[in-house]
There are 2 protein chains.
Amino acid sequence: MSLRSNMDDRKKRILQAVTDDYINTAEPVGSRTIARRYDLGISPATIRNEMADLEESGYLEQPHVSAGRIPSQKGYRFYVDFIMQTSNVSQKEKLRIRRRLEERKRELDLIAEETARILAQLSSYAAFVMSPVSKAAVLKRLELVQIDPHLVLVILIVDPGFVKTHLVVTERQLRPEQLIHINSYLNSRLRDIPLSKIGTSLLREISAELDEYSNFLDATLEAIVQVLERGHEEAVFTDGQLNILEQPEFREVESAKRVLDLLGEDNTVSSLLLDTMNSGNIRIVIGRESSHPNMDICSVVSAPYEVDGVPIGAVGVLGPTRMHYAEVVAIVELVAGHLGEILSKMVIM
Amino acid sequence: MSLRSNMDDRKKRILQAVTDDYINTAEPVGSRTIARRYDLGISPATIRNEMADLEESGYLEQPHVSAGRIPSQKGYRFYVDFIMQTSNVSQKEKLRIRRRLEERKRELDLIAEETARILAQLSSYAAFVMSPVSKAAVLKRLELVQIDPHLVLVILIVDPGFVKTHLVVTERQLRPEQLIHINSYLNSRLRDIPLSKIGTSLLREISAELDEYSNFLDATLEAIVQVLERGHEEAVFTDGQLNILEQPEFREVESAKRVLDLLGEDNTVSSLLLDTMNSGNIRIVIGRESSHPNMDICSVVSAPYEVDGVPIGAVGVLGPTRMHYAEVVAIVELVAGHLGEILSKMVIM
DNA sequence: GTTAGCACTCAGATGCATTGAGTGCTAAAC
DNA sequence: GTTTAGCACTCAATGCATCTGAGTGCTAAC
């Protein structure tokens, strides 16, 4: 008998090799594979013997006798506790993640997103909603409200559009009369300016003019840019991709892939919705009627939504050509109608 | 030759029967099926003849010679244009939809939701995030800001917590001094009250005390309830279910179903995350180590996130037992860390 | 014009042989 | 004692042939 412990170094390396390989390939790992892929300096036969030991002590198992080995639950546990070392994420990656977490979505997008979710649930197919396009929107007014000695709430009133708010932390404490001064100055410079014209250059100009407050202003103005910048590009929100997979025609992985890829391509869906918006009517596209090759097994029902009689966006449902058209048409029309109404109510008179 | 048009009434009814049946069953429809299920008063043989005609004129097609018929694209088009009548949605249903569209999510939930999305993307598995639990939160201050003669912005400052804003449309126009009066009165009644105590009954009381403004108050107070009411129940947000399906172990529809159902059950996931939160440490649960039967083919990596050193929630990733543990552990830790930091910054000092 | 009867077709299920990846065991080599 | 080559053995996966049954089209009777 050897004095080796139950789990010597070589066994560890083999367990690691099996686990790593299986994690990557999802195929049972044989002794030859390990001998080839991992430079352990031992022959397949030796590895076989070790693997047999590892199986006996419960770290590996065999799906069937002539397959390779896979880690057992105990094997994974050992791997996690004693073998693996957590990979470290690059600094750049960390920053990117941080930034994404800090990003806030604009109100309009939230509504579009929620609408997509509702539509998907109601229809049991995939749904998408294009958020409103508002080309001619102007900044109607801007209001600064002191929440706290170091905290100011920026309120932006956009017409035709919405009220947006944003919190800004101030380094230096501002007195109320200072805030009022800044507030009225900003209004005099920004009132009735189209959002598309409010870029970094204009704001930098303003910051220079009011340079005594530049410290506070920079943060505020940056917030304004952030809120407004994305205000005039349309975005499409999708939901219910999972519903698609419930449909028997998409049982086969390939056909499901084709459809999901389709939904992934932004411009396909968004150009379809733009068409619908411009047409001003509910539209049903069946299979190859669409120009898109991958759409031959799908149908789409889409409808525009309007504010003050003007179409400003569109919603749609995608399902198999074998779709519950009657039901879906009713739902799409209903949701488009409601969405238009809700948006009209949010518009400042 | 008959004088009948290309598409007489009986053909229409048969096309309708085939389409309806196929929409519901996803199986090619045979003549016997139609004779049995739809009361057309004709025998299968007659239906066969009609179906042969419909196929010749392109409305139906056969996947293969000994299968039933299915509608062609042209068939669906005819069905949509001339046969189907859009079903109407019940009044009750309409209201329900309307209400869901009008609901707004609270800021905290949005952050949790976005975090889940990021985590799912980074890990390529399914991700979930429990939104922060804040049992002892109190209403620190309440601010009313006139945006417009008929529009008031309600600002709620919660400690420890967040700033929430809500727009209220006022029927009657309020003078600035009236608003200030209401504002200070509301503050005197609500300041430092735990959110859990601010219920409809307290607010109704206040409304009665200030009954000259009750019209405006009712809307405002309702908004407050809406914003705060759900403030102290934890919610779990999930994302990346689709990623799960990409894993080869979940190719089989049944096993995928099991996992997706698991993710659907709120309390399974949330109790797991609560455990993690209370443990205060990153946790790896492998296969049957969990008590849940359907989890035997999955692993979960979860970590708490903290504000001021106190765990207030948790995030997690679910994948097959064959999971990239090293990578996922790093990602989960990173995201939990960032989330805690971001939330601390949102807290009012 | 409608229907019953019947021969015919073909996808899908079932059963059986073949193949090959991978094992465990034995005995030789180190 | 440990490692390795050789070999018989196992069994999932694959390919192939057969069987079954749903559904058709055609013909002839009603």
Side-chain angles (χ1 to χ4, degrees), chain A residues 1-5 8-11 13-15 17-18 21-22 25-72 75 248-249 251-252, chain B residues 1-15 17-18 21-22 25-57 59-72 248-249 251-253:
Chain A
M1 281 299 298
S2 113
L3 284 177
R4 278 199 172 138
S5 82
D8 63 21
D9 204 56
R10 193 168 73 183
K11 283 200 172 54
R13 281 217 298 281
I14 289 174
L15 178 55
V18 172
D21 210 78
Y22 185 62
T25 65
E27 299 285 341
V29 190
S31 54
R32 273 178 57 99
T33 312
I34 291 189
R36 235 186 303 116
R37 272 203 267 250
Y38 300 83
D39 195 19
L40 300 181
I42 45 180
S43 76
T46 310
I47 294 172
R48 273 205 289 286
N49 289 332
E50 294 284 37
M51 293 210 296
D53 291 356
L54 282 168
E55 180 167 6
E56 190 163 16
S57 29
Y59 294 103
L60 293 180
E61 49 194 37
Q62 267 182 307
H64 58 89
V65 66
S66 75
R69 302 298 208 295
I70 64 177
S72 67
E249 31 269 275
R251 274 287 173 74
E252 307 301 312
Chain B
M1 282 298 301
S2 110
L3 284 178
R4 274 199 173 135
S5 83
N6 181 315
M7 184 64 98
D8 64 22
D9 204 58
R10 193 167 73 185
K11 282 199 172 55
K12 256 192 194 171
R13 281 217 299 280
I14 289 174
L15 178 54
V18 172
D21 210 78
Y22 185 62
T25 63
E27 299 285 342
V29 190
S31 54
R32 274 177 57 99
T33 312
I34 292 190
R36 236 186 303 116
R37 272 202 268 248
Y38 300 83
D39 195 20
L40 300 181
I42 45 180
S43 76
T46 311
I47 294 172
R48 274 205 290 286
N49 290 331
E50 294 284 37
M51 292 210 296
D53 291 356
L54 282 167
E55 181 168 8
E56 190 162 17
S57 28
Y59 295 102
L60 293 179
E61 48 194 38
Q62 266 182 307
H64 58 89
V65 66
S66 75
R69 302 302 208 293
I70 63 176
S72 66
E249 31 269 276
R251 275 284 174 75
E252 307 302 312
V253 189

Problem set entry | Thr46(A) vs Leu40(A) side-chain heavy atoms within contact, under 4.5 Å |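 A side-chain contact is absent here, since even the closest heavy-atom pair is not under 4.5 Å.
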
What integer distance in Å separates [X]:[atom1] from [N]:[atom2]?
X	N	atom1	atom2	answer
Glu50(A)	dT4(D)	CD	P	11 Å
Ile47(B)	dT2(C)	CD1	P	12 Å
Lys11(A)	dT2(D)	NZ	P	10 Å

For this session: Please collect all ring-ring contact (aromatic ring centres under 6.0 Å, His included) contacts where either partner lies in residues 40-72 of chain A, sequence neighbours excluded, each pair once.
Result: Tyr59(A)-Phe78(A)

Problem set entry | Any residue meeting side chain to side chain donor-acceptor pair (under 3.5 Å) with Ser72(B), in chain and number order, not counting sequence neighbours |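 For Ser72(B) there are no side chain to side chain donor-acceptor pair (under 3.5 Å) partners, ignoring immediate neighbours.
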
Exercise. Side chain to side chain donor-acceptor pair (under 3.5 Å) with Asp53(A): which residues, sequence neighbours excluded?
Worked result: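 Testing Asp53(A) for side chain to side chain donor-acceptor pair (under 3.5 Å), a comparison that skips the adjacent residues, returns Lys11(A).
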
For this session: Taking Watson-Crick and G-U wobble pairs with both distances under 3.5 Å, convert DNA chain C into its dot-bracket string, 5' to 3', dots for unpaired and | for cross-strand pairs.
Result: ||||||||||||||||||||||||||||||

Can I get a per-line list of side-chain donor-acceptor pairs under 3.5 Å for residues 28-35 of chain A, giving both atom names and the distance, sequence neighbours left out?
from	atom 1	to	atom 2	distance (Å)
Ser31(A)	OG	Arg48(A)	NH1	3.3

For this session: List for me each residue that meets side chain to side chain contact (heavy atoms under 4.5 Å, CB included) alongside Glu27(B), sequence neighbours excluded, and say none if there are none.
Result: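 Applying side chain to side chain contact (heavy atoms under 4.5 Å, CB included) to Glu27(B) gives Thr25(B).
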
Problem set entry | Contacts of type side chain to side chain contact (heavy atoms under 4.5 Å, CB included), residue Ala26(B), not counting sequence neighbours |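 Checked Ala26(B) against side chain to side chain contact (heavy atoms under 4.5 Å, CB included); matches are Pro248(A), Glu249(A), Arg322(A).
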
Exercise. Is the distance from OP1 or OP2 of dT3(C) to the nearest side-chain N or O of Thr46(B) less than 4.0 Å?
Worked result: yes

Exercise. How would you list, by chain and number, every residue that makes a salt bridge (charged side-chain N to carboxylate O under 4.0 Å, His left out) with Asp39(B), sequence neighbours excluded?
Worked result: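 Here no residue qualifies.
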
Problem set entry | Per-nucleotide protein contact string for nucleotides 13-30 of chain D, where B marks a base within reach and S marks sugar-phosphate only (heavy atoms under 4.0 Å, - for neither) | ---------BSBB-----

